[in-house]
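Keep in mind that this is a model prediction, so the values were computed, not measured. Labels below follow one simple rule: chain letters A, B, ... track the order of the sequence lines, proteins then strands, and each chain is numbered from 1.
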Protein chains: 2
Amino acid sequence: MNTIKNLHVHSTAAPNSLKAAVGSSLNCYTRKHCVACKLGDIHLSQFERLGKRRVLRKGEQLFRQGDTFQSLFVVQSGSVKSSVVGDDGEEQITGFHFPGDMLSVDGMDSGQQTYSAEALETTSICEFAFRDFERISESMPDLKSQFFKVMGKELSREKKRMLVLGRMRAEQRLATFILDTSRELRSRGQANDSLTFSMTRQDIANYLGLAVETVSRLLSQFAATDLVRVQRRSLEVLDRPNLENLAQGFQPTAQLIARSA
Amino acid sequence: MNTIKNLHVHSTAAPNSLKAAVGSSLNCYTRKHCVACKLGDIHLSQFERLGKRRVLRKGEQLFRQGDTFQSLFVVQSGSVKSSVVGDDGEEQITGFHFPGDMLSVDGMDSGQQTYSAEALETTSICEFAFRDFERISESMPDLKSQFFKVMGKELSREKKRMLVLGRMRAEQRLATFILDTSRELRSRGQANDSLTFSMTRQDIANYLGLAVETVSRLLSQFAATDLVRVQRRSLEVLDRPNLENLAQGFQPTAQLIARSA
DNA sequence: GAATGGAATTGACGCAAATCAACTAAACCC
DNA sequence: GGGTTTAGTTGATTTGCGTCAATTCCATTC
């Protein structure tokens, strides 16, 4: 929920077109869905040549906090988690990233990666050297403006996350997470109300600032009140309205209470 | 802690030079301390002409979440808090901003302000029309690159804040806040270990995701163990090492325990 | 198909911090 | 100067969630 999203302007990406794009190493997923999409074809192909494809297996790291910043990455398929660690070694997952999301932009400032990124499953990534990006963007002023928008979006997303971490109770956090993730995956062509998590409960808990047990208990409770159906890593949203109520801190409706009794 | 900081390259700004800069409406604070600082003098004056000065009294809002985005703002003197509100009306303070900080950059994406900004005391602000910024930056490619850095820094700062809100206990949060604020104000020329808050306890509590009472109690406790000296809104750091230990979740040292007994 | 290990669930318990409540101290205003 | 308001402190009580512990459920691997 926490990266540069919607680089792609056409959010109606069908899952098929996704697969197709990933299949070809030249025809990077970026082509249709990301930063450069609004630019002319000549520039586009110029930009595209720079992308280098890379495949990570589950658990492999794309980069680590502190690494030298030299590339921008775009997720093509699979999923990635990003996290920061404090001085004391405590780790906080800052976001989950799906196809079309861009990673590592904040490194531009310090020249260092400010967080770590790790594949949650087999994942393919498109890598661009930042130097090339800068060179190319000289002849494409629009490109930089696109990036402003992208970073602005990320900034506002992170602000919303503070609301989650700072003010919400456990129930609200989890409900919000489910709804956000559902929306996120839906915009990438997944089925309407069902989604499959690539992350563990532990990851979810960490992301939400909760204990694993709390997440587990709440999921069971959500299932018991027919808000969702859960089975292992796959989840189906059954009662979106009440899930939204919950996310906003309202009481579940009377109907719901009756049902759970 | 939570905006575009260190736009200024010369972080050795003395308090005098600050006042001087603010005194003149043409010689915007930006001149010496922010975005345009690395650019040539010709460009600089060109950029500077665009700035419009504005003064807010305590409690007045600079802009509100949802307002049309059309300007970038730089704090010249005073201080500002920014906050987001959720669907349910819950408010979360996302940052405090001091001279040299830039506000409202994330609006570039959506064309709307993604948060609200309010003066904590009498505050003067320099406002630039975004349109002018875009026009000027065409002839100054460096300007945009500067902005990338600035936004990258903000992004990584927000990630660190997730660590605070997601993983830290109350003690750690407050200790971190004190140390961060102290560093922040020191870099703007305030005295070494003493600082004066422009925000209420309530603001601090909200910012840290805690209740006012908790903040109050902890401050008293910090004072009782000689970590700090507090009097109303002014605070003096007495024992930085142990405050840092606390911030990192370590136990206070034996010495400290003895002292508190 | 049995064995190993990690992920997830469930229950019992304790604690950190929220909430509720009473009081004090500044700041503000006529 | 006295009365009102708002900010801040401190104490008593409650509670949501974390921690600890025990099981169960799957996924691997031999």
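- Glu213(B) has no carboxylate O lying under 4.0 Å from a charged side-chain N of Arg217(B), or vice versa, which leaves the two without a salt bridge.
- Computed from coordinates, the Met168(A) CE to dG16(D) P distance equals 18 Å when rounded to whole Å.
- Residue contacts for Arg233(B): at a heavy-atom cut-off of 4.0 Å it reaches the sugar-phosphate backbone alone, with no base atom in range.
- The side chain of Thr200(B) places no N or O atom within less than 4.0 Å of a non-bridging phosphate oxygen (OP1 or OP2) of dA7(D).
- Distance CG (Leu208(A)) to P (dG16(D)): 19 Å, rounded to an integer number of Å.
- Here Thr214(B) reaches the OP1 or OP2 of dA18(C): one of its side-chain N or O atoms lies under 4.0 Å away.
- Asp180(B) and Arg183(B) are joined by a salt bridge, as a carboxylate oxygen and a charged side-chain nitrogen come within less than 4.0 angstrom of each other.
- Straight-line distance from the CE atom of Met199(B) to the P atom of dA7(D): 15 Å, rounded to whole Å.
- A salt bridge is absent between Lys58(A) and Glu121(A); no separation between the charged side-chain nitrogens and carboxylate oxygens falls under 4.0 Å.
- Between the side chain of Ser216(B) and the backbone N or O of Thr214(B), no donor-acceptor pair lies under 3.5 Å.
- Classification of the Phe177(A)-Phe197(A) ring pair by plane angle, with boundaries at 30° and 60°, yields parallel.
- Here the C1' atom of nucleotide dA18(C) and the CG atom of Leu218(B) are 13 Å apart, to the nearest Å.
- Between Ser220(A) and dT10(C), a side-chain N or O to OP1/OP2 separation shorter than 4.0 Å is present.
- Nucleic acid contact for Leu210(A): sugar-phosphate only, since backbone atoms but no base atoms lie under 4.0 Å from a heavy atom of the residue.
- One can place CZ of Arg201(A) at 10 Å from P of dT10(C), the figure rounded to the nearest angstrom.
- For Arg217(A) against dT19(D), a side-chain N or O and a base N or O form a donor-acceptor pair under 3.5 Å.
- Summarising the geometry, the separation between CZ on Phe222(A) and P on dA8(C) is reported as 17 Å, rounded to the nearest angstrom.
- Contact of Glu171(A) with dC17(D) (side chain to base): no donor-acceptor pair of N or O atoms is detected under 3.5 Å.
- Residue Arg169(A) places its side chain closer to dC17(D) than to any other of dC17(D), dT9(C), dA17(C).
- Distance, Gln231(A) CD to dA8(C) P: 14 Å, rounded to whole Å.
- Each of dA8(C), dT19(C), dT10(C) was ranked by its minimum atom distance to the side chain of Glu213(A); first place goes to dT10(C).
- Spacing between atom CG of Leu174(A) and atom P of dT9(C) amounts to 11 Å, rounded to whole angstrom units.
- In terms of position on DNA chain D, the residue among Arg232(A) and Gly209(A) whose nearest nucleotide sits closer to the 5' end is Gly209(A).
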